[in-house]
K.L.:
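Encoded as structure tokens, here's the structure I'll be asking about.
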Amino acid sequence: MNTPFLQVMLAVIAKDFRAELRSRELIGTMLMFAVLSILVFSFALELDRIARQEAVSGVLWVTLVFASILGLNRSMSMERENASIEALLLAPVSRAALFAGKFIGNFVFTLIIGLFLLPLMTVLYNMPLVSGWMFVVMAGGIFGFASTGTLLAAMTVQTRAREALLPIALLPVALPLLLSAVKASTAIISDAAFDTWATWLQIIIVVDIVYTVVALLGFGFVVEE
Amino acid sequence: MDFVTPSNGEYLALAVVVSFGALLLFVGSVFARYRNAQRDMDVIEQMAEE
Amino acid sequence: MSDSSPNIIEVRNLAKTYDVLPVLKPLDLDIPRGQFVALLGPNGSGKTTLLRLIAGLIKPTAGTIRIGGWQIPQETEAIRAQIGMVSHKPLLYDNLTARENLRFFARLYHLPPQDIPPRIDLLLKRVGLFKRAETLVRTFSRGMLQRLSIARALLHDPHVLLFDEPHTGLDRDAMTILDNLLLEAHQEGHTIIMTTHHLESAAQLAERAVIIYRGSIACDTPTSPDLPRTYANVTGGIV
Amino acid sequence: MTAVKDFPLSAEKTKDGGGRTRLLYGFTGITLALVVLCLGMALFYAGQDITQGDVQRIFYTHISSFFGAFIAFSATVVGGIQYLRTRHPKWDSLALAGVEVGTVLAFINLATGAIWARPIWNTWWTWDPRLTSAAVMFLTYVAYLMLRNGIDSPERRRVFASIYGVLAIATVIFTLIIIRIRPDTIHPAVIGSSPSTGAEGGFEMSSSMVTTLLFTLLTWSFFLTPALIWWRIRLENTLERVNKMKQIYLER
């Protein structure tokens, strides 16, 4: 009876990408924020060679989390402006498909920022950040933020404090991901053997799965009255 | 080797005071909110009577 | 789901309570196929709640709604495909063009791909926006947004059209265009339920006026030029 | 006006309210006695740790408060899931009570940890992974309360809180397991052997210590925490009743 899951998901993703190509509101602000954040961190920490090695993955992930929060807020308030989310809810589509569409859009946008940051930080911090495993860890970490973030953003845009509440709600819940991702990236940068940091990757994957399931189930409750 | 057991009872005392202080504060806040609610209820009842 | 009843919408014992506040007290309402009904009442009377319940946007506290044989809340999903709604908010995306907006919603309603372009052209012509098809919705005036919303609601050719305060914020000319579109849709055989404060339009367009007051149906009457007076009698002059 | 008068005015008038109240008073009395007994055991019965001195006695409260918080936050998960399924507000009251009680216990856990660390580690606080995780866990539930506060519609507030309450348990579980996966933590694992060779402040337990620990653990988990939650739920019921009466009265 419902429009097929995949078709809805793809339509939502295509819609978000088209709107984004048009306005460049999301990627633009996220990217600008990310670059500024990296520059400010390098000033603030006055990093020498050794300190840099320790701090670089922390800087990377903190920047990514905050950039993704910017994007998530924007992406959800876009649905709230003009109440267009109501039009989505009026359509014969499953709420999980709507969630999947919004979530994958947010995931890809943040991943683009991450992929841009890797070479940039490689140059600016003189650290070997571009590697296959780094990419895997990055995709895994961002996947988890994007799924819980999409769910929580759908909640916080409906609160009185609106945008301000998303980081407060998201950061603590994202801690397991953040910590694991930082640990794994630090290990990758210092060229540690896979065995020594495989646990962190496992945690990221488990948390990703749990969070995405909760978010898929919870989204319907959040958007409906 | 002489090992002297450190004397740090004052920290223990502090911990006990803080722990039970926090518990009492919570119980007190529940009680205070309860009393406020009762008072509100009385006011509403009075208004309903009138 | 063979449906022999002449009524496309049958509301039974429908009630909605927010927390403990009864917004809608248990009410019954039958609407025959093809009728144009105006839902009237002061702000907060519950008319918008009733409309949103029929649209499946909110769940009833008690009671059922049957639409075309399907039942809310058990079969809400099946009902969605039969309903088009226009709210006083446009429910459109600012950064997409008129055509892109319609194409997106056409895909959500699972229209066959080959039918989508001609259907969009047809509707854009009908609401007089064909020349602005490639313009960003952000630049549209209130009246144009309203017309595009109507095109969006008509995309999947729903049996039932719901309008929530469509006249709000429109100027004279835009109102005339809107009224004509509403009449056209009615003549095509769509069942229409419209909430409005604009009694004049309601009296002209609708065949039947249902006045909701304090969460109950206070008056259910065929429309006549006398409607404003009837309304004032029922609600004590509150608009 | 009748609606106001018909409304049950106090717990005693509701169905079976009196019996339940008596049960709660009895339970509270037992809990109070047990908690005092626990404190007495920790201070006077349990043997003194030779290397750490009296400050080691903090551990009984420290660990027990964590497990109490764990129980309370688990109640929040149960309440949240049940609320989403049944939409009965009583489950949300349980979830909220769990968060408030759990937050207080988590605070006690953090505070006693810091007070213990001062003489043993020579610092109030250190950015050890477990400490950090425990602190974030505490903040997660503060965020829960802030989220609740930010939503005006009662139904929406309950739904959002239920989902966040379920999500938030992740930080509790993370705090529990991080000690097993982070070899570089200096926090000792008290139950089971510490995988960390760098753990500082671990100790061998004599039988009097084990008895005291078990007794305190059970009391805080299964008496103190449930009793506090119970009282908090009663408060919530009263608050809701007042709220409803206000609304009904204002309607007139």
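It should be emphasised that the depicted structure is a prediction, and the values quoted were computed from it without experimental measurement.
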K.L.:
In terms of heavy-atom pairs under 4.5 Å, which option from E20(A), E25(A), E224(A), R95(A) contacts chain C the most?
P.N.:
R95(A)
K.L.:
Does any heavy atom of chain A fall under 4.5 Å from the side chain of L136(C), the backbone, both, or neither of them?
P.N.:
side chain
K.L.:
So which residue, T76(C), D94(C), I83(C), ends up with the most heavy-atom pairs under 4.5 Å with chain A?
P.N.:
D94(C)
K.L.:
Among V93(A), L90(A), V8(A), which residue has the highest count of heavy-atom pairs closer than 4.5 Å to chain C?
P.N.:
L90(A)
K.L.:
Please list all pairs passing the salt bridge (Lys or Arg N to Asp or Glu O under 4.0 Å) test where one or both residues lie in residues 101-123 of chain C, with sequence neighbours left out.
P.N.:
R99(C)-D121(C)
K.L.:
Kindly give the heavy-atom pair with the smallest separation between L96(C) and A19(A), and that separation in Å.
P.N.:
CD2-N, 3.8 Å
K.L.:
In terms of heavy-atom pairs under 4.5 Å with chain A, which of H156(C), M85(C), R152(C), R52(C) leads?
P.N.:
R52(C)
K.L.:
Using a 4.5 Å heavy-atom cutoff, which residues in residues 72-80 of chain A come close to chain C?
P.N.:
M78(A), E79(A)
K.L.:
Would you mind checking which part of S149(C) comes under 4.5 Å of any heavy atom in chain A, side chain (CB onward), backbone (N, CA, C, O), both or neither?
P.N.:
neither
K.L.:
Check whether A14(A) gets within reach of chain C through its side chain, its backbone, both or neither, counting any heavy atom under 4.5 Å.
P.N.:
side chain
K.L.:
Check the surroundings of atom CZ in R126(C): do more than 12 heavy atoms from other residues, nucleotides or ligands lie under 6.0 Å from it?
P.N.:
yes
K.L.:
Which one, I79(C), V137(C), L108(C), I58(C), leads in non-hydrogen pairs under 4.5 Å with chain A?
P.N.:
L108(C)
K.L.:
So which atom in R80(C) and which in A91(A) form the shortest heavy-atom distance, rounded to 0.1 Å?
P.N.:
CD-O, 3.2 Å
K.L.:
Less than 4.0 angstrom from a charged side-chain N to a carboxylate O is my criterion; do R138(C) and E81(A) meet it?
P.N.:
no
K.L.:
Under 6.0 Å from the NZ atom of K25(C), do we count more than 12 heavy atoms belonging to anything else shown?
P.N.:
yes
K.L.:
Which residue pairs pass the ring pair (Phe, Tyr, Trp, His ring centres under 6.0 Å) test with at least one member in residues 72-97 of chain C, sequence neighbours excluded?
P.N.:
Y93(C)-F104(C)
K.L.:
Are there residues of residues 165-174 of chain A that reach to under 4.5 Å of chain C by heavy atoms, and which ones?
P.N.:
none
K.L.:
Taking everything shown except F33(A) itself, do over 12 heavy atoms lie less than 6.0 Å from its CZ?
P.N.:
yes
K.L.:
Using a 6.0 Å cut-off, check whether atom OH of Y18(C) has over 12 heavy atoms from anything other than its own residue.
P.N.:
yes
K.L.:
Measure N101(C) against the heavy atoms of chain A and call it side chain, backbone, both or neither at under 4.5 Å.
P.N.:
neither
K.L.:
Would you say R18(A) has more than 12 foreign heavy atoms packed within less than 6.0 Å of its CZ?
P.N.:
no
K.L.:
If I compare all heavy atoms of A83(A) with all of L91(C), which pair ends up nearest, and what's the gap?
P.N.:
O-CD2, 3.1 Å
